[in-house]
Amino acid sequence: MSAGEVVAGPDGALRCPWALSTADYVTYHDDEWGRPVHGDDALYERLSLEAFQSGLSWITILRRRTGFRSAFAGFEIAKVAAFTEADRERLLADAGIIRNRAKIDATLANARVLAEWAPGDLDELIWSHAPDPAGRPAPKTLTDVPAVTPESTALSKALKKRGLRFVGPTTAYALMQACGLVDDHLATCVARRT
């Protein structure tokens, strides 16, 4: 076996190697990552969490996701868009989330922008950038999985053009992976969709 290939988990099932470092990752990998996510609020949450993850490990965000959901009103766009300066100060002091001023400000600003969009616009915009699965062979090893693609670059540009922040091409690709626009589970991974 070469580096980056599937690995047998405690239950004997083959999984992407990154999924086996913690029990939290196994559950996330098996039940969420790469599964289609729809709905403006759900996609706003994923977009926000991917932005908070920038420069950090995903496990840091995953373990604080409950805190993030509590702090950001369940990531309901309309509620977060109505946050005040007092809410911003509360967020900056909240030990249950990542207290990064730029990321908090972007999350609040993005909600205000998205609150002006028609229902379904965010879902439609994001999913319009999903590549044709027939043109993407299943990755065999982690080295076959890109960090950025032409589609993620185009999605990043489209989101920025509409006024969203903290949505670079790498963050956009992580969003595409997490929300099932692409299936980057390795070819023989138990969680790969057929």
For A191 and H29 the tightest heavy-atom approach is CB-CE1, 3.7 Å
Would E45 and V37 satisfy side-chain contact (heavy atoms from CB on, under 4.5 Å), going step by step from the backbone distance to the final call? CA-CA 11 Å; E45 174 184 358; V37 174; over 6 Å; no
| field | Check against side-chain contact (heavy atoms from CB on, under 4.5 Å), F52 and R64 | value | CA-CA 11 Å; F52 273 102; R64 293 181 185 200; over 6 Å; no
Heavy-atom nearest pair, A71 first then D94, reads CB-OD2, 3.4 Å
query = Are P17 and L142 side-chain neighbours, meaning at least one heavy-atom pair lies under 4.5 Å?
reply = yes
**Prompt:** Side chain of R65, backbone of I61: donor and acceptor closer than 3.5 Å?
**Reply:** no
Side-chain touch R63/T22, heavy atoms, less than 4.5 angstrom
yes
Hey, does P133 have a side-chain heavy atom less than 4.5 Å from the side chain of D183? no
OG1 (T188) and NZ (K140) are apart, to the nearest 0.5 Å, by 10.0 Å
Residues A147 and Y173: closest non-hydrogen pair is O-CB, 3.3 Å
CZ of F75 to CG of L114, rounded to nearest 0.5 Å, is 12.5 Å
* Within the distance-only criterion (no hydrogens, no angle test), does the side chain of S128 pair as donor or acceptor with the backbone N or O of L125 below 3.5 angstrom? -> yes
- [ ] Say whether, by atom type as modelled, one donor and one acceptor occur between the side chain of N110 and the main chain of T107 under 3.5 angstrom.
- [x] no
Q) Sub-3.5 Å donor-acceptor pair from the side chain of R192 to the main-chain atoms of A187, do we have one? A) no
Rounding to 0.5 Å, atoms CH2 (W117) and CG (D40) come to a distance of 8.5 Å
Regarding T84 and D87, is there a side-chain donor-to-acceptor distance under 3.5 Å anywhere?
yes
Rounding to 0.5 Å, atoms NZ (K157) and OG (S152) come to a distance of 10.5 Å
**Message:** Assess the residue pair L47 and L164 against the criterion (side-chain contact (heavy atoms from CB on, under 4.5 Å)); give the C-alpha distance rounded to whole Å, side-chain angles, the decisive distance to 0.1 Å, and a yes or no.
**Reply:** CA-CA 10 Å; L47 187 63; L164 298 183; 4.0 Å; yes
Q. Going by the angle between their ring planes, with limits at 30° and 60°, are H38 and W127 parallel, tilted or perpendicular?
A. parallel
Output field: ring centroids W18/W33 closer than 6.0 Å: yes
*Say whether L20 and V190 are linked into one hydrophobic cluster, either directly or through other cluster members, by side-chain heavy-atom distances under 4.5 angstrom.*
no
ask   = Is there a side-chain contact between I97 and I104 (heavy atoms, below 4.5 Å)?
value = yes
In short, K103 meets S54 closest at the heavy-atom pair NZ-O, 2.6 Å
- request: Indicate, with yes or no, if L56 and F166 share a hydrophobic cluster defined by side-chain heavy-atom contacts under 4.5 Å among Ile, Leu, Val, Met, Phe, Trp and Tyr.
  value: no
Is a side-chain N or O of R35 found less than 3.5 angstrom from the main chain of D30, in a donor-acceptor match? yes
In short, S21 meets Y25 closest at the heavy-atom pair OG-CD1, 3.1 Å
Rounding to 0.5 Å, atoms CD (E5) and SG (C16) come to a distance of 12.0 Å
So CG of D41 and CG of L122: to nearest 0.5 Å the spacing works out to 9.0 Å
Looking at T170 and V148, would you say the former's side chain and the latter's main chain have a donor-acceptor pair under 3.5 Å? no
Over 60° means perpendicular and under 30° means parallel, so classify the ring planes of F72 and F83, tilted if in between. parallel
(Q) Around atom CD of E89, are there more than 12 heavy atoms from other residues, nucleotides or ligands closer than 6.0 Å? (A) yes
Apply side-chain contact (heavy atoms from CB on, under 4.5 Å) to the pair E76 and Y44, showing each step before the final yes or no. CA-CA 8 Å; E76 290 183 43; Y44 167 64; over 6 Å; no
Subject >> Criterion salt bridge (charged side-chain N to carboxylate O under 4.0 Å, His left out) on E151 and R136, from CA distance to verdict >> reply: CA-CA 12 Å; E151 295 87 359; R136 290 179 51 90; 5.4 Å; no
Are any of the side-chain heavy atoms of L175 and I126 separated by less than 4.5 Å?
-> yes
Here the pair of heavy atoms bringing I77 nearest to A111 is CG2-O, 3.5 Å
